[in-house]
Protein chains: 2
Amino acid sequence: MNIGEAASASGVSAKMIRYYEEIGLISPVQRNGSGAYRVYGAAEIHHLRFIRRARDLGFSVQEIGALLKLWQDRNRASADVKAIAQEKIAALEIKIAELEAMRKALQHLAAHCHGDLRPDCPILDDLAGTTRDFH
Amino acid sequence: MNIGEAASASGVSAKMIRYYEEIGLISPVQRNGSGAYRVYGAAEIHHLRFIRRARDLGFSVQEIGALLKLWQDRNRASADVKAIAQEKIAALEIKIAELEAMRKALQHLAAHCHGDLRPDCPILDDLAGTTRDFH
DNA sequence: GTAATCCTTCCCATGATGGTAAGGTCAAGG
DNA sequence: CCTTGACCTTACCATCATGGGAAGGATTAC
């Protein structure tokens, strides 16, 4: 299987497959007879799917490196994996809270903005720091 | 006021102040006698605070450019500002939903992982795509 | 006058991804 | 056997906002 086929089979773009190889997330695969083309088998596709799924779940490439190691360590403790997942959950919660705060603040401002042709605008007033309390 | 003082007065790092000038978000400020140092006054600090606040609310530098133009246009329609804010709110909501989905998926997996010394781990099973339905 | 602190510009790095360009390889069909 | 088109290769650049550092000039305090 060439890289293009591996890409569509795994959901990871050819570009990214080469990149993951370059940074050492996956080891270099075999090449074809002339050594020109990368050749992928079922095991490699499996790896790539793993990576793809982990990316979708929000893990960074570095974290995926750790997960891959654990995946291949038959004696791993499930606690090690769970710890990584829980750190990620905590990070997600922080990020979500930040975005929620932004959303709330913006919605509050937008709710008080006429949104018509008049120039008066509480949103800009807030950004400019000239807000009079409009509660 | 030199750039360092402007930085602490506005909450925007000196590095970023120069960057914003470089990309044209703010216009070049006056220089001191020898022309070596940038000099900031109250108006510039006000601008920088505006930028800082808008960044905190999640606006990109490009969007802030638009907001700054509107801010300085006395005849702007508040609808124009509100539209930008609402687009940003919508984008935030999409991002939040994505992160929430990740968090949910991870929490579901983590809840089913023993988290002990045994190697059996539903999290890795899921990533590997070998999950047997454990509902 | 000297030392310390600040400022300047320029270059590099981040993280994960996409784009492009120049060129090599392979498979199918004539 | 040769051409053509599809695919692959590497190498470089761009993104977005930010920080780091180096080399050197300006200013300020003593």
Side-chain angles (χ1 to χ4, degrees), chain A residues 1-26 28-41 44-45 47-48 50-68 88 91-92 95 98-99 102, chain B residues 1-26 28-41 44-45 47-48 50-68 88 91-92 95 98-99 102:
Chain A
M1 210 187 314
N2 283 345
I3 201 170
E5 218 178 331
S8 39
S10 66
V12 180
S13 74
K15 205 89 191 189
M16 280 300 102
I17 295 176
R18 294 194 199 97
Y19 172 70
Y20 292 151
E21 181 181 316
E22 188 195 330
I23 64 173
L25 184 62
I26 55 185
V29 291
Q30 284 196 328
R31 298 288 182 127
N32 68 349
S34 71
Y37 289 8
R38 289 173 180 82
V39 175
Y40 296 85
E44 283 80 23
I45 302 301
H47 260 72
L48 289 170
F50 182 103
I51 292 170
R52 175 61 207 267
R53 174 91 179 114
R55 291 288 300 131
D56 287 348
L57 285 174
F59 290 102
S60 73
V61 165
Q62 213 176 14
E63 288 162 339
I64 294 173
L67 288 172
L68 280 171
K88 183 51 55 177
L92 282 170
K95 190 74 189 165
E98 285 172 4
L99 297 185
M102 291 180 196
Chain B
M1 211 187 314
N2 283 343
I3 201 169
E5 219 179 330
S8 38
S10 66
V12 179
S13 74
K15 207 88 187 184
M16 279 300 103
I17 295 176
R18 293 193 199 98
Y19 172 69
Y20 292 151
E21 182 181 316
E22 187 194 332
I23 65 172
L25 185 62
I26 55 184
V29 291
Q30 283 196 328
R31 298 289 181 126
N32 68 349
S34 71
Y37 288 10
R38 290 173 180 81
V39 175
Y40 297 85
E44 284 78 23
I45 301 303
H47 259 72
L48 289 170
F50 182 103
I51 293 171
R52 176 61 207 267
R53 173 89 179 117
R55 291 288 301 131
D56 287 348
L57 284 173
F59 290 101
S60 72
V61 166
Q62 213 175 14
E63 289 161 338
I64 295 174
L67 289 173
L68 280 170
K88 184 50 56 177
L92 282 171
K95 191 73 190 164
E98 285 172 4
L99 297 185
M102 291 181 195

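Only a predicted model underlies this, so the values are computations on that prediction, with no experimental measurement involved. Below, read A as the first sequence line, B as the second, and so on, with proteins coming before strands; counting in each chain starts at 1.
Screening Ile3(B), Val29(B), Ile51(B), Leu25(B) for a side-chain contact (heavy atoms from CB on, under 4.5 Å) involving Ile17(B) leaves a single residue, Ile3(B).
Between the OH atom in Tyr19(B) and the CD1 atom in Ile26(B) there is a gap of 12.0 Å [rounded to 0.5 Å]. A distance of 6.5 Å separates CD of Glu63(B) from CZ of Phe59(B), quoted to the nearest 0.5 Å.
Rounded to whole Å, the distance from CZ on Arg38(B) to P on dC6(C) is 17 Å. Rounded to whole Å, atom C1' of dT18(D) lies 15 Å from atom CD1 of Ile51(B). If you measure from atom CG of Asp56(B) to atom P of dA17(D), you get 14 Å, rounded to the nearest angstrom. Between the CD1 atom of Ile17(B) and the C1' atom of dC7(C) there is a distance of 12 Å, given to the nearest Å. The separation between Leu48(B) atom CG and dA17(D) atom C1' is 16 Å, rounded to whole Å. If you take CD of Glu5(A) and P of dC8(D), they are 9 Å apart, rounded to a whole angstrom.
Counting only residues at least two apart or on different chains, the salt bridge (charged side-chain N to carboxylate O under 4.0 Å, His left out) pairs with a member in residues 50-60 of chain A are Arg52(A)-Asp56(A), Arg53(A)-Asp126(B).
As judged by a 4.0 angstrom heavy-atom cut-off over every strand, Arg18(A) is placed among the base-contacting residues.
Note that the two end axes of the helix from dG1(C)-dC30(D) to dG30(C)-dC1(D) enclose an angle of 20°, each drawn from 5 base pairs, rounded to 10 degrees.
The minimum heavy-atom distance between Tyr37(A) and Asn2(A), with the atom names listed, is CD2-ND2, 3.7 Å. The two residues Tyr20(A) and Val12(A) come nearest to each other via the heavy atoms CE1-CG1, 3.7 Å. Listed here is the closest heavy atom pair of Met1(A) and Ala9(A): SD-CB, 4.5 Å. What you find for His47(B) and Leu68(B) is that their closest heavy atoms are CD2-CD2, 4.1 Å. Considering every non-hydrogen atom in both Ala14(A) and Ala7(A), the closest pair reads N-CB, 3.7 Å.
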Under 3.5 Å, which protein N or O atoms sit close to an N or O of nucleotides 26-30 of chain D? Give each pair with its distance.
{"unit_1": "dA26(D)", "atom_1": "O3'", "unit_2": "Ser34(B)", "atom_2": "OG", "d": "3.3"}
{"unit_1": "dA26(D)", "atom_1": "N3", "unit_2": "Tyr37(B)", "atom_2": "OH", "d": "3.0"}
{"unit_1": "dT27(D)", "atom_1": "OP1", "unit_2": "Asn32(B)", "atom_2": "ND2", "d": "3.1"}
{"unit_1": "dT27(D)", "atom_1": "OP1", "unit_2": "Ser34(B)", "atom_2": "OG", "d": "2.7"}

Identify each atom pair where a protein N or O and an N or O of nucleotides 3-5 of chain D are less than 3.5 Å apart, giving names and distance.
none

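Across dT10(D), dC8(D), dT8(C), the shortest atom-to-atom separation from the side chain of Arg31(B) is found for dT8(C).
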Determine, for nucleotides 11-16 of chain C in 5'-to-3' order, which nucleotides have protein heavy atoms under 4.0 Å from the base (write B), from only the sugar-phosphate (write S), or from neither (write -). -----B
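Electrostatic pairing of Glu21(A) and Arg18(A) does not count as a salt bridge here, judged by no charged N lying under 4.0 Å from a carboxylate O.
Partners of Ser13(B) according to the side chain to side chain donor-acceptor pair (under 3.5 Å) rule, which considers only residues two or more places apart in sequence or in another chain, do not exist here.
For Glu98(A), the CD atom sits in a packed shell: over 12 heavy atoms of surrounding residues, nucleotides or ligands are nearer than 6.0 Å.
Within the 4.0 Å cut-off from OP1 or OP2 of dT18(D), not a single side-chain nitrogen or oxygen of Ser13(B) is found.
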